[in-house]
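Numbered from 1 within each chain, the chains take letters A, B, ... in sequence-line order. Keep in mind the model is a prediction, meaning the values are calculated, not measured.
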Number of protein chains: 2
Amino acid sequence: MKGEIDKKLKQRNIKPTAMRELVYEVLDKNKKALSLYEIEQQFDNVERSTIFRTLKTFQDNFLIHSIDDGTGAVKYALCDEGCTCDPDDLHVHYLCNKCGQTHCLRDMPVPKMELPQDFSFESANFVVKGICSNCK
Amino acid sequence: MKGEIDKKLKQRNIKPTAMRELVYEVLDKNKKALSLYEIEQQFDNVERSTIFRTLKTFQDNFLIHSIDDGTGAVKYALCDEGCTCDPDDLHVHYLCNKCGQTHCLRDMPVPKMELPQDFSFESANFVVKGICSNCK
DNA sequence: GAAATACATGCAACAGTATTGCAAAGGTGT
DNA sequence: ACACCTTTGCAATACTGTTGCATGTATTTC
Ligand SMILES: [Mn+2]
Ligand SMILES: [Mn+2]
Ligand SMILES: [Zn+2]
Ligand SMILES: [Zn+2]
């Protein structure tokens with residue numbers, strides 16, 4: 001509910017506006033990662049660019065993270081409490097090749113790879129693809 | 001040289017045409033993964049769509065694999081000999097946030113994750129991002 | 001070798017997604 | 001009320017990927 005959402009936004013130093021509350025709500029109630037277009041579809045008359053900038057604000061403040069699952073559209077999902085999107089906060093994502101849904105595997109951290117000499121590890125995108133339990 | 005290239009193409013059941021030889025050569029001599037646009041830039045008057053379809057043919061026959069590194073453009077690199085792009089053939093990729101180059105870490109296999117019950121592992125895209133040794 | 005056939009290429013148009021400029025609207029503090 | 005800053009709406013644009021169709025080139029069939 002609204003009070004809860006505003007609290008989450010303020011925790012991340014994001015001024016709670018009507019738009020932002022709505023976008024947050026959509027991300028929160030869906031249990032999967034959503035693309036800009038999918039978010040847009042859940043409203044009647046909301047501007048794509050406004051949602052776009054809302055997502056940018058969210059991401060800049062680590063309220064959400066983005067996933068590039070290779071489908072052409074970047075998807076977004078809420079971060080866990082206290083997440084700063086550091087290497088230690090990263091988890092694996094799963095794209096179902098059948099239903100096209102992308103899910104956060106929040107309890108599956110991205111493994112730290114032993115990189116070649118003098119290569120730094122700043123972030124990572126690890127997407128596993130297959131058929132999900134629902135589509136099996 | 002040309003004979004070698006034709007051999008590689010034929011090994012993958014790809015009819016060696018002039019175009020295909022040229023595209024293969026570009027991918028082979030560059031030691032990094034290239035986007036469609038970057039490949040296009042290495043020629044004077046070659047059609048984007050022709051290169052596109054050439055890459056598609058290459059990929060369908062496991063001569064190359066594609067990498068979505070999150071920069072917006074898919075990149076392509078030669079597969080190892082005998083690769084069938086199965087889960088066992090997959091390796092990690094590295095994107096340098098500074099120079100923008102993407103490299104295959106061919107000796108770093110994508111780790112097999114223990115997925116949730118009834119989720120299958122068909123393929124994966126694992127991109128590590130940071131600063132490469134060159135840009136350090 | 002000519003005709004028929006299949007395959008490859010070039011050109012142009014289009015689709016999907018992401019991004020920006022700019023003006024109007026809304027909020028905040030004086 | 002006013003000045004100031006942020007957010008939103010609208011429109012236009014950029015960028016990448018993809019397709020239809022006509023033409024050209026190779027391969028097969030007779
Ligand atoms: Mn996630
Ligand atoms: Mn590779
Ligand atoms: Zn599914
Ligand atoms: Zn670099």
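- Put simply, CD on A:E38 is 15 Å from P on C:dG16, counting in whole angstrom units.
- Scanning all heavy atoms of the two residues, the minimum distance from A:R12 to A:N61 falls at CD-O, 3.3 Å.
- Look at CD1 on A:I39: it is 17 Å from C1' on C:dG16, rounded to the nearest Å.
- Residues passing the ring pair (Phe, Tyr, Trp, His ring centres under 6.0 Å) test with B:F58: none are found, sequence neighbours excluded.
- Listed by chain and number, the residues in a side chain to side chain contact (heavy atoms under 4.5 Å, CB included) with A:P87 are A:K112, A:F121 (sequence neighbours excluded).
- Identified under the side-chain hydrogen bond (donor to acceptor under 3.5 Å, both in side chains) test for residues 65-76 of chain B, with sequence neighbours left out: B:Q59-B:S66, B:H65-B:H91, B:H65-B:H93, B:D69-B:T71, B:D69-B:K75, B:D69-B:T102, B:K75-B:T102.
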- request: Determine, for nucleotides 15-21 of chain D in 5'-to-3' order, which nucleotides have protein heavy atoms under 4.0 Å from the base (write B), from only the sugar-phosphate (write S), or from neither (write -).
  value: -SSSBB-
Can you tabulate the close N/O pairs, meaning under 3.5 Å, that link protein atoms to atoms of nucleotides 3-6 of chain D?
none

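- Sorted by first and then second residue, the ring pair (Phe, Tyr, Trp, His ring centres under 6.0 Å) pairs with a member in residues 5-48 of chain B form an empty list; sequence neighbours excluded.
- A straight line from CD of A:E40 to P of C:dG16 spans 13 Å, rounded to a whole angstrom.
- The CD-P distance, from B:E21 to C:dA8, rounds to 13 Å in whole Å.
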Enumerate donor-acceptor pairs with a distance under 3.5 Å from any side-chain N or O in residues 44-53 of chain B to protein atoms, sequence neighbours excluded.
unit_1: B:E47; atom_1: OE1; unit_2: B:S49; atom_2: N; d: 3.4
unit_1: B:E47; atom_1: OE1; unit_2: B:S49; atom_2: OG; d: 2.9

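- A rotation axis mapping the C1' atoms of four pairs onto the next four is fitted at both ends of the helix from C:dG1-D:dC30 to C:dT30-D:dA1 over five pairs, and the angle between these axes is 20° to 10 degrees.
- Taking atom CG on B:N45 and atom P on C:dT9, their separation rounds to 16 Å, with Å as the unit.
- Backbone-only contact: A:T17 has heavy atoms under 4.0 Å from sugar-phosphate atoms and none from a base.
- Legend: residues meeting salt bridge (charged side-chain N to carboxylate O under 4.0 Å, His left out) with A:K8, ordered by chain and number and at least two apart, are A:E81.
- Between the CZ atom of B:F43 and the P atom of C:dT9 there is a distance of 12 Å, given to the nearest Å.
- Rounding to whole angstrom units, CG of residue B:N61 and P of C:dA8 are separated by 10 Å.
- With sequence neighbours excluded, no residue forms a salt bridge (charged side-chain N to carboxylate O under 4.0 Å, His left out) with B:E25.
- By the salt bridge (charged side-chain N to carboxylate O under 4.0 Å, His left out) test, A:K56 is found to be paired with A:D60, residues two or more places apart in sequence or in another chain being considered.
- Taking atom CD1 of residue B:I51 and atom P of nucleotide C:dA8, one finds them 16 Å apart after rounding to whole Å.
- To the nearest 0.5 Å, atoms OG (B:S120) and CG (A:N97) are separated by 7.5 Å.
- Residues passing the salt bridge (charged side-chain N to carboxylate O under 4.0 Å, His left out) test with A:K136 are B:D118, sequence neighbours excluded.
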